[in-house]
Amino acid sequence: MSPTGGSPSEHPSGSAGVPSPSAASCVSGRTEVLFRPDDPVVQRLCLRPGAVVSLVLRPRADDRRWTAVRSSAPVFVLASGWRVDADGTARASLRCAGTRGGTAEVTARAKAPDVAGAARVAFTLHVDVLPYPTKG
């Protein structure tokens with residue numbers, strides 16, 4: 001996973017077994033997450049409310065093709081704008097809730113075009129939406 005955008009020093013990384021990132025590593029504004037076939041299939045990303053992520057899934061090395069992206073909690077992270085380009089690159093936009101914090105699992109599914117059956121999860125992005133601290 002290669003997040004770009006946001007502030008230049010923000011490059012969140014990790015996996016499902018790693019604790020949630022600290023507030024200092026959360027991305028705000030617009031950013032891009034690029035997933036390549038040789039990247040780990042489970043990633044973690046911390047975002048601030050209102051952040052917008054452009055998710056780019058590079059073509060797979062096997063015969064499976066990207067078919068869909070889904071969010072486990074659209075109230076926190078809403079996936080939209082799904083498309084697959086002619087070269088096999090898939091794209092989606094992920095929009096975080098404007099004020100609320102929470103977690104969501106964004107999954108991308110893939111399947112071979114000539115095989116019957118449902119597509120299987122081929123990439124998972126654990127998203128933590130961490131609200132800005134309030135002054136009281």
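We count residues from 1, following the sequence as given.
- Under the 4.0 Å criterion applied to side-chain N and carboxylate O atoms, D38 and R36 are not assigned as salt-bridge partners.
- Linking ILVMFWY residues whenever their side-chain heavy atoms come closer than 4.5 Å, directly or via other members, places V53 and V75 in the same cluster.
- Heavy-atom minimum distance, A118 versus K111: C-CD, 4.3 Å.
- In this structure a side-chain-to-backbone donor-acceptor pair under 3.5 Å is present from D87 to T89.
- Atom CZ in R91 sits 9.0 Å away from atom CG in L34 (nearest 0.5 Å).
- Of the inter-residue distances, the one linking F76 atom CZ with L47 atom CG reads 13.5 Å to the nearest 0.5 angstrom.
- Using a 4.5 Å heavy-atom threshold, the side chains of S71 and L78 count as separate.
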Inset, instruction - For the pair H126 and T103, evaluate side chain to side chain contact (heavy atoms under 4.5 Å, CB included) and give the outcome as yes or no after the intermediate values. - result: CA-CA 7 Å; H126 294 278; T103 61; over 6 Å; no

Inset, instruction - For T107 and S72, run side chain to side chain contact (heavy atoms under 4.5 Å, CB included): C-alpha distance rounded to whole Å, both residues' side-chain angles, the deciding distance at 0.1 Å, then the answer. - result: CA-CA 8 Å; T107 55; S72 66; over 6 Å; no

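- Counting heavy atoms from C-beta on, the side chains of L130 and R48 come closer than 4.5 Å.
- In this structure, the side chains of V129 and P49 come closer than 4.5 Å at one or more pairs of heavy atoms.
- Heavy atoms only, all atoms of each residue included: V69 and A79 are closest at CG1-CB, 4.2 Å.
- Of all heavy-atom pairs between P131 and T99, the closest is CB-O, 4.2 Å.
- Of all the heavy atoms in V27 and A51, the pair that sits closest is O-CB, 4.0 Å.
- Considering all non-hydrogen atoms of both residues, A122 and R64 come closest at CB-NH2, 3.7 Å.
- A donor-acceptor pair under 3.5 Å is formed between the side chain of W66 and the backbone N or O of R58.
- Residues V84 and R65 fail the side-chain proximity criterion, which asks for heavy atoms closer than 4.5 Å.
- Taken to the nearest 0.5 Å, the CZ atom of R30 stands 7.5 Å off from the OG atom of S93.
- The aromatic rings of F35 and F123 are tilted relative to each other, their planes meeting at an angle between 30° and 60°.
- For R60, the CZ atom counts as densely surrounded, since its 6.0 Å shell holds more than 12 non-hydrogen atoms of other residues, nucleotides or ligands.
- V56 and V52 are members of different hydrophobic clusters when ILVMFWY side chains are connected at heavy-atom separations under 4.5 Å.
- Side-chain contact between L94 and L125 is present, with heavy atoms from C-beta onward closer than 4.5 Å.
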